[in-house]
Amino acid sequence: MEFNPNKCEVFRIHSKQKPVIFPYKLHATTLRTTENAKYIAVTISSNLYWSSQTNTITNLTRPKTV
């Protein structure tokens, strides 16, 4: 199996004010870093707060105005 580096992201879970940042590479391509990741319809943030998930659900349930 081969991974496509353009479809891969680095997701760091931490509780530090200044986490150690290390550039991850795949096939000589530096992977982009994300603060939020979606996994089985749950949005997880790197600081493990629920605000990202709450905002996602709130936006989905809000009535759409035409």
Side-chain angles (χ1 to χ4, degrees):
M1 176 189 294
E2 199 164 318
F3 291 99
N4 182 347
N6 295 324
K7 294 183 179 181
C8 296
E9 295 176 327
V10 175
F11 177 66
R12 295 180 180 97
I13 298 175
H14 59 84
S15 62
K16 297 182 179 183
Q17 290 286 340
K18 295 180 182 179
V20 176
I21 305 297
F22 182 81
Y24 289 89
K25 293 188 177 197
L26 182 64
H27 300 298
T29 303
T30 302
L31 300 177
R32 64 180 178 264
T33 303
T34 183
E35 294 293 319
N36 299 313
K38 196 165 189 176
Y39 182 72
I40 312 177
V42 175
T43 304
I44 305 168
S45 64
S46 61
N47 57 9
L48 296 179
Y49 290 151
W50 285 99
S51 56
S52 297
Q53 175 66 17
T54 305
N55 292 339
T56 302
I57 297 300
T58 302
N59 290 336
L60 287 174
T61 58
R62 219 176 251 162
K64 309 241 187 300
T65 57
V66 179

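Keep in mind the model is a prediction, meaning the values are calculated, not measured.
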### Query
Would you say L26 and F22 are hydrophobically clustered, going by side-chain heavy atoms of ILVMFWY under 4.5 Å?
yes
In terms of heavy-atom contacts, H27 and P5 come closest through CD2-CD, 4.2 Å
Q.
Check whether R12 reaches the backbone of I21 with its side chain - one donor and one acceptor, N or O, closer than 3.5 Å.
A. no
Between the CG atom in N4 and the OG1 atom in T29, the distance rounded to the nearest 0.5 Å is 9.0 Å
Rounded to the nearest 0.5 angstrom, the OG1-CD1 distance for T54 and I57 is 8.5 Å
For E9 and T34, the nearest pair of non-hydrogen atoms, with its separation, is OE1-CG2, 3.6 Å
side-chain contact (heavy atoms from CB on, under 4.5 Å) with Y24: of V10, T33, T30, only one passes, and it is V10
